Each structure stands twice: as structure tokens, then as C-alpha cells.
Amino acid sequence: MTAKEFWKAFSDKLNKKDIYAEAQEKWNYSKDYTEFIIGMMEGIIGSKDKGGIGLETSKEYYRIDLTGWTQRRKEIKDKLLVPENKSYSFQTYCWDLEIAIEHENNDKLWMDEIIKLLHIRCPLRVVVGYVPKALPKEPYLEYVSKAIVESNKVANISDGCFLVLLGDSKVGKNGKKCNYTPYEWDVEENTFKLLKK
């Protein structure tokens with residue numbers, strides 16, 4: 001799944017009438033909203049029969065909010081060619097991490113989620129963070145981009161996509177929900193840029 005595909009699925013799902021209504025209902029309750037948004041994203045990447053792309057999912061694996069992975073146990077077991085007459089109790093494991101997702105609803109803490117995912121290698125990393133609605137998002141992204149470059153982990157990003165979805169915080173208690181804006185890491189310029197449609 002590419003950054004654009006994830007963003008489209010995220011945006012499309014959140015804008016469905018029933019999902020939108022639930023988001024508005026939970027928005028002012030951070031724990032409930034976090035569970036809601038993680039569940040929504042699990043629906044995007046999870047089971048095909050529930051509308052997802054068909055990845056296996058786990059919550060809090062590597063202490064990451066949500067991961068999506070491909071099971072390869074049978075494939076590797078077949079390649080190992082264990083003789084039929086041998087009885088091993090050793091369990092075969094083989095899987096590929098495809099996506100790592102972090103959500104941080106505190107608008108002062110989401111940079112930590114970016115730094116965490118710098119240390120994870122997989123095709124798509126997603127951080128959902130928030131910036132006060134009255135403030136521009138770009139200065140936050142410039143700061144985070146500089147920190148990534150200074151961390152000497154830029155090479156970890158170049159082998160996959162890194163997507164940041166920034167939502168509005170402090171939208172008030174009048175039932176409004178936030179809007180999200182997608183930014184993707186530009187490997188040539190070493191900065192987050194607005195994701196092009």
C-alpha cells in the first residue's frame with residue numbers, strides 16, 4: 001500500500017456519514033477517539049472480508065499502535081524441506097512487516113512517534129498527529145524534518161514511504177471533528193511535503 005492509497009482509504013472512510021458521525025461523537029474524548037481511529041485504520045489494512053487490503057494486524061507489537069504484516073510461514077516451511085520422517089517441535093515463523101502506524105492525539109507529543117518509526121523499516125510508516133487549528137502546520141513539519149536529518153536515520157526512510165497525517169486539535173466542544181492534511185517524506189529534499197493528489 002502506498003502513501004497515496006492509504007491517505008485515500010483513510011479520507012474516504014472517515015468521510016462516510018456513519019463514520020463521520022462517530023468521529024464527531026468521540027472527538028472530545030481522547031482515549032475513545034484514539035481507539036476509534038486505530039480501529040478505523042485497522043479496518044483499512046486488515047481483513048479483506050471486512051473491506052481491508054488483507055494484511056494480518058497486531059496492536060502494540062514493538063509497542064507500535066498498529067502494524068500490518070504478511071504471513072509467510074507456509075512459504076518458508078515449504079522451502080526448508082524438513083524431511084517427513086523428522087519430528088521437530090520447533091515452530092516455524094516468517095512474516096513481513098508491511099505497515100507501521102502510530103497515532104498521538106496530544107498535539108505536543110507526536111514528534112516522538114516519528115522518531116520511533118525512524119527505527120522501523122517497512123514499506124509504509126504512518127504517523128497521525130495534531131496541530132492546533134489556529135496554527136500553520138508547516139513549521140512543525142520543518143522542525144521534525146530537521147530532527148530526522150540530524151538523527152542520521154534518513155537512510156531508514158529512503159527504502160519506503162513515510163506519511164504524516166496532521167489533524168486539527170483544539171477545534172472546540174461544539175461537535176466539530178478535525179480535518180486531516182497528508183504529508184509525505186520527500187527523499188530528494190529530506191523534508192515532509194504536502195502529498196500530491
Side-chain angles (χ1 to χ4, degrees), residues 1-45 51 59-60 63-68 99-118 120 124-151 157 161-187 189-197:
M1 179 171 246
T2 67
K4 283 182 184 179
E5 291 168 338
F6 184 88
W7 165 243
K8 182 176 181 345
F10 180 94
S11 181
D12 288 351
K13 192 151 194 160
L14 190 61
N15 287 313
K16 286 185 177 179
K17 191 174 182 178
D18 58 331
I19 302 291
Y20 180 88
E22 189 174 354
Q24 284 183 303
E25 181 182 304
K26 297 180 187 272
W27 173 244
N28 290 305
Y29 307 96
S30 62
K31 184 179 178 196
D32 292 345
Y33 191 76
T34 294
E35 289 174 7
F36 160 77
I37 207 81
I38 294 292
M40 187 189 87
M41 290 186 287
E42 186 173 22
I44 292 169
I45 67 170
K59 293 179 183 170
E60 295 301 328
R63 297 194 61 186
I64 296 170
D65 287 339
L66 182 63
T67 55
I99 185 169
I101 302 171
E102 281 289 349
H103 177 266
E104 177 54 63
N105 56 19
N106 185 320
D107 59 20
K108 294 175 179 60
L109 301 178
W110 57 269
M111 182 177 172
D112 185 45
E113 308 296 2
I114 290 197
I115 300 304
K116 179 196 284 188
L117 293 189
L118 280 180
I120 301 297
L124 179 59
R125 284 156 286 196
V126 179
V127 171
V128 182
Y130 298 86
V131 172
K133 185 175 178 132
L135 298 177
K137 294 172 176 57
E138 288 71 21
Y140 287 84
L141 291 165
E142 288 171 21
Y143 187 84
V144 167
S145 296
K146 287 177 185 173
I148 289 171
V149 172
E150 289 301 314
S151 74
I157 298 177
C161 300
F162 205 128
L163 177 66
V164 174
L165 303 179
L166 288 183
D168 303 321
S169 67
K170 299 180 177 43
V171 294
K173 298 201 181 272
N174 57 359
K176 291 182 180 176
K177 77 164 183 63
C178 74
N179 293 304
Y180 292 90
T181 306
Y183 299 88
E184 185 176 15
W185 183 259
D186 183 313
V187 295
E189 296 190 31
N190 284 337
T191 190
F192 282 103
K193 289 194 166 181
L194 188 63
L195 183 67
K196 296 176 183 167
K197 293 183 180 184

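In this text the structure is predicted, and so the values were computed from the model without any measurement.
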(Q) Side chains of Leu195 and Lys4, heavy atoms from C-beta outward: is any pair under 4.5 Å? (A) yes
Q) Is the closest side-chain heavy-atom distance between Thr181 and Lys137 below 4.5 Å? A) yes
Q) Would Ile101 and Asp65 count as a side-chain contact (heavy atoms from CB on, under 4.5 Å) if you check the C-alpha gap in whole Å, the side-chain angles of each, and the deciding distance to 0.1 Å? A) CA-CA 6 Å; Ile101 302 171; Asp65 287 339; 5.7 Å; no
Q. Does Lys26 pair with Glu35 as a salt bridge, N-O distance under 4.0 Å?
A. no
Q: Would you mind checking if Asp107 and Lys133 are paired as a salt bridge, meaning a charged N to carboxylate O distance below 4.0 Å?
A: no
With rounding to the nearest 0.5 Å, note down the distance linking [atom1] in [X] to [atom2] in [Y].
{"X": "Ile148", "Y": "Phe162", "atom1": "CD1", "atom2": "CZ", "result": "5.5 Å"}
{"X": "Glu184", "Y": "Leu124", "atom1": "CD", "atom2": "CG", "result": "8.5 Å"}
{"X": "Cys161", "Y": "Trp7", "atom1": "SG", "atom2": "CH2", "result": "15.5 Å"}
{"X": "Ser151", "Y": "Ile115", "atom1": "OG", "atom2": "CD1", "result": "5.5 Å"}
{"X": "Ile64", "Y": "Lys59", "atom1": "CD1", "atom2": "NZ", "result": "15.0 Å"}
{"X": "Leu163", "Y": "Phe192", "atom1": "CG", "atom2": "CZ", "result": "8.5 Å"}

Q | Derivation of the side-chain contact (heavy atoms from CB on, under 4.5 Å) call for Val144 and Tyr183 | A | CA-CA 12 Å; Val144 167; Tyr183 299 88; over 6 Å; no
Q) Does CD belonging to Glu60 count more than 12 external heavy atoms closer than 6.0 Å? A) yes
Q. Counting only heavy atoms not in Lys116, do more than 12 sit closer than 6.0 Å to its NZ atom?
A. yes
I need the minimum non-hydrogen distance between [X] and [Y], along with the two atoms involved.
{"X": "Arg63", "Y": "Glu102", "result": "O-OE2, 3.3 Å"}
{"X": "Ile99", "Y": "Ile45", "result": "CG2-CD1, 3.7 Å"}
{"X": "Leu166", "Y": "Tyr130", "result": "CD2-N, 4.2 Å"}
{"X": "Trp27", "Y": "Asp168", "result": "CZ2-O, 3.1 Å"}
{"X": "Met41", "Y": "Leu66", "result": "C-CD2, 3.8 Å"}
{"X": "Leu117", "Y": "Arg125", "result": "O-CD, 3.2 Å"}

Q) Any sub-3.5 Å donor-acceptor pair from Glu5's side-chain atoms to Thr2's backbone N or O? A) yes
Q. Do side-chain atoms of Asp186 reach the backbone of Lys193 as a donor and acceptor pair under 3.5 angstrom?
A. no
Q: Take Tyr140 and Tyr143 through the ring pair (Phe, Tyr, Trp, His ring centres under 6.0 Å) test and state the conclusion after the steps.
A: CA-CA 5 Å; Tyr140 287 84; Tyr143 187 84; 8.7 Å; no
Q: Could you check Trp185 against Asn190 for side-chain contact (heavy atoms from CB on, under 4.5 Å), going step by step and ending with a plain yes or no?
A: CA-CA 7 Å; Trp185 183 259; Asn190 284 337; 3.8 Å; yes
